[in-house]
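This report refers to the structure that appears directly beneath it.
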Amino acid sequence: MTVRTRFAPSPTGYLHIGGVRTALFNWLFARKHGGQFLLRIDDTDQQRNVDEALAPILAGFRWLGIDWDEGPEVGGPYGPYYQSQRAGHYAAEAQRLLDAGLAYYDYAKPDEIQQEREAAQAEKRSFSYSRRFMAESDADRARFEAEGRQAVVRLKMPRDGQLVLHDLVRGEVRFDWANEQDHVIQRADGSCLYHLASVVDDYDFKISHVIRAEEHLSNTPRQVFIAQGLGYELPQYAHVPYVAEPGSKNKLSKRKLDKYLKNADFKKTNDHGQAIAERIGLTIAADTFNPVIVDFYEQVGYLPDAIVNYLLLLGWSLDDKTEDFSREAMIDAFSLERVNKAPASFDPAKLEAFQQRYMDRMDVKKKTAFVLPYLQKAGLVDNPPSCDTGPKVAAILTAAADRIRTGGDILDFDDFFTADDALAYDEKTFEKRLRKPEAAADLLTKFRNVLATTESFEPETLEATLKQFVEEQGIKIGEIIHALRVALTGKAVGFGMFDTLAILGRERCLARIDRALRIAQS
RNA sequence: GGCCCCAUCGUCUAGCGGUCUAGGACACCGGCCUUUCACGCCGGUAACACGGGUUCGAGUCCCGUUGGGGUCACCA
């Protein structure tokens, strides 16, 4: 049997990090077994701009390297893969259920059902519809319709017996049929609902394994009922845990941003991203640009491999030590048996740790290309860049090393790209390192003159030069170096001083020192 | 509330009856290194929810309690 899995996004306009994790498990399982992974679009809820709402989702999957064999944009032998285009087929299948006596026309009004439901709840018993508006004959139908009622189609669920489900991650799960509801599968206007559509599609698309989040576990019985009623062969089910909020077991939701922002790690990741977005002129509303949404990471400059590797470990593990997985390795190692049962909290801090690891492995050439667009979007370098930009960025990247953890972090070193007379100083640092220490200005002036005449301007010789200067002056290195840093970069922190000097070059160093000195003394 | 699921450090997890005075990773806290920051190195705090069984022996099996979660739509 060919393994075929699917992920079924509804076009909401963004790709949720928890959804991706579930999609990843589907993708891995299919790849592992040489099968197919497909995307099916759950748009039975007629929406206006499906294409527009779908684009970011497809883009997210592409960015992450989760490719689909069949579905939107790639087609496939069992299409269309949009539920909205398959309505007629669902209606036909609903009719088959009706014909088989497994579904019925129901003329109850919504509030009449609701009353029964509330009564059951008040009596602390499980709800079971009385079926008092069930039409069992044409005469019944005519009578109800004469009352001005409209019919929906409901499932006629068994009222006794048990369903024993063999779930690939949960094992044996039992449900009493009597607890299941007579769910509506078709509206009065003929349109069909999700559960029917989903089951029909899984069958039509020859899905062998339904791997989905555990919130679907409790609606599996009704889907099994539909599938069996229609004579379908059942897929294998695997209900994987959902991704939970940082520090809690609640399901991660994009609607509770305010709450997540109270989590220090989440806030840190978010603030970092927002700052970068602002600098590159990205204007996206907070509800679609935050760490719950995949696009956030792409914009901020995370690496897809880092995210996928992190997500892999949210609910799955190979053993007690392996954390690092290339795509090939994860495809090779993945199995449903090792998927955890309990929900896993999303931890932005750990994601960042993976990001840092993957970033460290990227060579300078790739990193330069990766980082360049951020400088361009921030208006710090031209587009296309001038020919000296590449080497300069590469030099900064090398010097900054692991200080640059996401693509956007290059902007922490914006001072290398601003004009000498436009350099902004961190006021507190300027005060503390340059204005306040009595000897600072004098030392800086002296060292400026040394720099003006030193023969070589390479990091190694500059280091020797400074060390010699320190010795001659009988001072500690800290007395000059902090003042020098704020004069050259405007900042309190940065990478090695000698790299800083060398990258800036003699001319710009002198110009910046002179300017800082002027300002300090004015 | 009914039904269902789940339960090891703050977090992700290893553990499938003895090798567990419970291992790893992230985070956190010390220290070292150091021109700042970061990295790195060394060290540390920190968990089997509780109660009964079963067994020579239980984190591991069973039952219960508690706690957490999911789901009960003419949403997907």
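Just so it is clear: chains get the letters A, B, ... in the order the sequence lines come, proteins before strands, and each one is counted from 1. Just so you know, these numbers use all the heavy atoms, side chains as well, and skip hydrogens, waters and symmetry mates.
Scanning atom types as modelled, no donor and acceptor separated by under 3.5 angstrom connect the side chain of R170(A) and the base of C5(B). No hydrogens or angles were tested; on distance alone, a donor-acceptor pair under 3.5 Å links the side chain of K350(A) to the base of A25(B).
Close to C39(B), at under 4.0 Å from its OP1 or OP2, lies a side-chain N or O of R405(A). Distances shorter than 4.0 Å separate none of the side-chain N or O atoms of R222(A) from OP1 or OP2 on U71(B). Checking the phosphate oxygens (OP1, OP2) of C3(B), no side-chain nitrogen or oxygen of S218(A) falls inside 4.0 Å. Contact annotation: R338(A) side-chain N/O to U13(B) OP1/OP2 distance is not under 4.0 Å. Look at S345(A) and you'll find a side-chain N or O under 4.0 angstrom from OP1 or OP2 of C12(B). Contact check, N340(A) against A7(B): no side-chain N or O comes under 4.0 Å of OP1 or OP2. The shortest distance between the side-chain N/O atoms of R187(A) and the OP1/OP2 oxygens of C75(B) is below 4.0 Å.
The same atom, C1', is picked in G10(B) and in C48(B); the two are 16 Å apart, to the nearest Å. For C62(B) and G24(B), the C1' atoms lie 31 Å apart once the distance is rounded to whole Å.
Stacking here means ring centres nearer than 5.5 Å and ring planes tilted less than 30 degrees, and by that measure H195(A) does not stack onto A76(B).
Taking a pair to require two hydrogen-bonding distances under 3.5 Å in either a Watson-Crick or a G-U wobble arrangement, U60(B) remains unpaired. With a cut-off of 3.5 Å on both Watson-Crick or G-U wobble distances, the partner of U55(B) is given as none. When both pairing distances are held under 3.5 Å, A49(B) makes a Watson-Crick or G-U pair with U65(B). The partner of C3(B) is G70(B), by the rule that a Watson-Crick or G-U pair needs both atom distances under 3.5 Å. In this structure, C32(B) and G40(B) make a Watson-Crick or G-U wobble pair, each of the two defining distances being under 3.5 angstrom.
The aromatic rings of Y194(A) and H216(A) lie tilted to each other, with the angle between the two planes from 30° to 60°. Aromatic ring pairs are classed by plane angle as parallel below 30°, tilted from 30° to 60° and perpendicular above 60°; the pair H183(A) and H195(A) is tilted. Ring orientation note: the planes of F144(A) and Y107(A) are close to parallel, at an angle under 30° on the 30°/60° scale. Classification of the Y81(A)-F205(A) ring pair by plane angle, with boundaries at 30° and 60°, yields tilted.
Residue R174(A) is the one, among R174(A) and L314(A), whose nearest nucleotide of RNA chain B lies closer to the 5' end (criterion: closest heavy atom). Ranked by how close their nearest RNA chain B nucleotide is to the 5' end, V169(A) and I41(A) are led by V169(A).
Note on D360(A): nothing from the nucleic acid sits closer than 4.0 angstrom, heavy atoms only. Nucleic acid contact for V173(A): sugar-phosphate only, since backbone atoms but no base atoms lie under 4.0 Å from a heavy atom of the residue. Across all strands shown, G494(A) has heavy atoms under 4.0 Å from base atoms, whether or not it also approaches the sugar-phosphate.
In terms of modelled atom types and a separation under 3.5 Å, the side chain of D189(A) and the main chain of S191(A) share a donor-acceptor contact.
Between D167(A) and K341(A) no salt bridge is recorded (no basic side-chain N to carboxylate O distance below 4.0 Å).
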